[in-house]
Protein chains: 2
Amino acid sequence: MISDRLSVTFAALADPTRRAILARLMSGEASVTQLAAPFEISMPAISKHLKVLERAGLIARGHEAQWRPCRLKAGPLKDVADWAEHYRRYWTESFDRLDNSLREVQNREKKHGYGKHGEKRKRA
Amino acid sequence: MISDRLSVTFAALADPTRRAILARLMSGEASVTQLAAPFEISMPAISKHLKVLERAGLIARGHEAQWRPCRLKAGPLKDVADWAEHYRRYWTESFDRLDNSLREVQNREKKHGYGKHGEKRKRA
DNA sequence: GGCATAATTAACCTATAGGTTAAATACATC
DNA sequence: GATGTATTTAACCTATAGGTTAATTATGCC
């Protein structure tokens with residue numbers, strides 16, 4: 001029953017079919033049939049994906065005769081970008097190197113490490 | 001059975017508890033017990049969340065006596081930021097306005113619109 | 001060795017995600 | 001109003017997510 005906006009957005013993006021649909025919509029609006037074309041799954045499955053995207057506010061739907069064209073609404077993606085930006089300093093190479101060398105010094109006289117001991121827990 | 005990196009990353013981020021754990025790790029490494037403290041869920045539940053984050057490459061785990069301290073590995077978040085950046089021009093206000101006014105002109109003589117007709121499909 | 005602490009694993013439960021096929025709805029056209 | 005096309009809804013299935021409690025593993029300390 002998670003319903004916060006970011007969770008809904010991330011959940012919607014956690015599917016390659018849905019991300020492909022968003023990518024397709026960058027080049028303009030499209031009907032459901034057009035969106036379904038590249039995929040091997042059924043129309044109802046596409047319909048469900050579109051509903052997920054719509055509920056996440058990532059697409060808007062039109063209404064023209066029997067067509068329900070979709071177009072991109074990228075607003076929530078700004079939230080995603082903004083959220084990720086908070087972590088920028090943690091993914092830069094310089095930070096990683098600093099972090100690692102600091103950690104090596106700190107752990108010089110302890111007998112543990114990252115990753116190395118983790119290996120032995122591997123199973124199956 | 002989705003296993004592409006971005007999907008795994010987004011799925012890991014689609015949970016507020018896990019995002020809170022990542023936020024906590026910005027201020028330094030922490031033991032499982034420390035990470036669990038702010039939440040009302042059980043330790044095994046936290047353990048599972050950490051496993052999800054670890055498999056997504058978002059945290060690394062250490063090994064010190066009976067503690068398994070976690071620390072942030074933000075690499076995948078750069079992929080998220082990069083992915084979202086592709087959509088930047090679609091979320092900027094100027095683009096939205098241009099898009100909307102173009103669309104209004106285009107649809108002047110058609111009898112459909114976005115959102116308005118969508119309302120009537122509401123049910124429950 | 002025995003006890004306390006930290007964390008994981010096992011076994012289980014329920015809800016939801018993502019897919020299916022078949023039926024229903026909406027609209028345009030003849 | 002019957003037919004064809006676009007799309008959704010209904011009913012169903014299976015796998016997974018996220019949670020639980022109880023048991024197990026790993027370690028430090030006495």
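Only this structure's heavy atoms are used, side chains among them; waters, hydrogens and symmetry mates stay out. Each chain gets a letter, A, B and so on, in the order the sequences are listed, and its residues count up from 1. These numbers come from a predicted model, not from an experiment.
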A.B. asks: Nearest whole Å is fine: how far is dA17(C) C1' from His49(A) NE2?
C.D. replies: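 It works out to 9 Å between those atoms.
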A.B. asks: Give a yes/no answer on whether the side chain of Arg55(A) brings an N or O atom under 4.0 Å of OP1 or OP2 in dT16(C).
C.D. replies: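 For Arg55(A), the contact criterion (side-chain N or O under 4.0 Å from OP1 or OP2 of dT16(C)) is not met.
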A.B. asks: If you take all heavy atoms of Arg18(B) and Ala11(B), which pair is closest and at what distance?
C.D. replies: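 Taking Arg18(B) first and Ala11(B) second, the nearest heavy atoms are NH2-O, 3.1 Å.
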A.B. asks: Test of understanding: with ring pair (Phe, Tyr, Trp, His ring centres under 6.0 Å), list the residues that count as partners of Trp67(A), not counting sequence neighbours.
C.D. replies: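 With neighbours one apart ignored, the set is empty.
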A.B. asks: For DNA chain C, whose closest nucleotide is more 5', that of Val32(B) or that of Thr17(A)?
C.D. replies: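 It is Val32(B) whose nearest nucleotide is closer to the 5' end.
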A.B. asks: Look at Asp4(A) together with Arg19(B) and state whether they make a salt bridge at an N to O cut-off of under 4.0 Å.
C.D. replies: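 Yes.
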A.B. asks: Could you state the atom-to-atom distance from CG of Asp15(A) to P of dG18(C) in whole Å?
C.D. replies: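 So the CG-P distance, Asp15(A) to dG18(C), works out to 5 Å.
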A.B. asks: Round to a whole Å and report the spacing from NE2 of His63(B) to C1' of dG28(D).
C.D. replies: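 Atom-to-atom, His63(B) to dG28(D), this comes out as 13 Å.
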A.B. asks: Grab the CD-P distance between Glu64(B) and dG28(D) for me, whole Å please.
C.D. replies: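 Rounded to whole Å, this separation is 9 Å.
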A.B. asks: Can you classify the ring geometry of Phe10(B) versus Phe10(A) as parallel (below 30°), tilted (30 to 60°) or perpendicular (above 60°)?
C.D. replies: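 Because their plane-to-plane angle lies in the 30° to 60° range, the rings of Phe10(B) and Phe10(A) count as tilted.
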A.B. asks: Can Phe39(B) and Ile21(B) be said to form a side-chain contact (heavy atoms from CB on, under 4.5 Å), step by step?
C.D. replies: CA-CA 10 Å; Phe39(B) 306 105; Ile21(B) 288 172; 4.0 Å; yes
A.B. asks: CD1 of Ile46(B) versus P of dA7(C): gap in Å, rounded?
C.D. replies: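 It works out to 11 Å between those atoms.
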A.B. asks: Does the side chain of Ser47(B) get closer than 4.0 angstrom to OP1 or OP2 of dA7(C) through an N or O atom?
C.D. replies: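 Checking dA7(C) against Ser47(B), no side-chain N or O comes under 4.0 Å of OP1 or OP2.
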A.B. asks: Kindly say if Lys51(A) contacts the phosphate of dT9(D), meaning a side-chain N or O under 4.0 Å from OP1 or OP2.
C.D. replies: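 Lys51(A) to dT9(D) OP1/OP2: side-chain N or O found under 4.0 Å.
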A.B. asks: Taking the side chain of Thr33(B) as heavy atoms from C-beta outward, which of dG28(D), dA7(C), dA28(C) is closest to it?
C.D. replies: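 Of the options given, the side chain of Thr33(B) lies nearest dA7(C).
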A.B. asks: What nucleotide, of dA7(C), dT8(C), dG18(D), holds the atom closest to the side chain of Arg18(B)?
C.D. replies: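 Of the candidates, dG18(D) comes closest.
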A.B. asks: To the nearest 0.5 angstrom, please state how far the OH atom of Tyr90(A) sits from the CG atom of Leu22(B).
C.D. replies: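 Here the rounded value is 11.0 Å.
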A.B. asks: Whole angstroms only, please: what is the CD-P distance between Gln34(A) and dA6(D)?
C.D. replies: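 Spelled out: CD on Gln34(A) to P on dA6(D) is 10 Å.
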A.B. asks: Can you tabulate the close N/O pairs, meaning under 3.5 Å, that link protein atoms to atoms of nucleotides 20-24 of chain C?
C.D. replies:
| residue | atom | partner | partner atom | Å |
| --- | --- | --- | --- | --- |
| dT20(C) | OP2 | Ser42(A) | N | 2.9 |
| dT20(C) | OP2 | Ser42(A) | OG | 2.5 |

A.B. asks: Starting at the 5' end of DNA chain C and moving along, which residue's nearest nucleotide shows up first, Ala11(A) or Leu50(B)?
C.D. replies: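 Looking at the nearest nucleotide for each, Leu50(B) comes out on the 5' side.
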A.B. asks: Expressed in angstrom and rounded to an integer, what is the separation of Leu35(A) atom CG from dT7(D) atom P?
C.D. replies: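 For the pair Leu35(A) CG and dT7(D) P, the rounded distance is 9 Å.
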A.B. asks: Output the rounded distance in Å from CZ (Phe10(A)) to P (dT16(C)).
C.D. replies: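 In whole Å, dT16(C) P lies 21 Å from Phe10(A) CZ.
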A.B. asks: Testing the basics here: between Leu25(B) and Cys70(B), what is the closest heavy-atom pair and its distance to 0.1 Å?
C.D. replies: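 Here Leu25(B) and Cys70(B) meet closest at CD2-O, 3.5 Å.
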A.B. asks: Between dG18(C), dT27(D), dT8(C), which one does the side chain of Arg68(B) approach most closely?
C.D. replies: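 Nearest to the side-chain atoms of Arg68(B), counting from C-beta on, is dT8(C).
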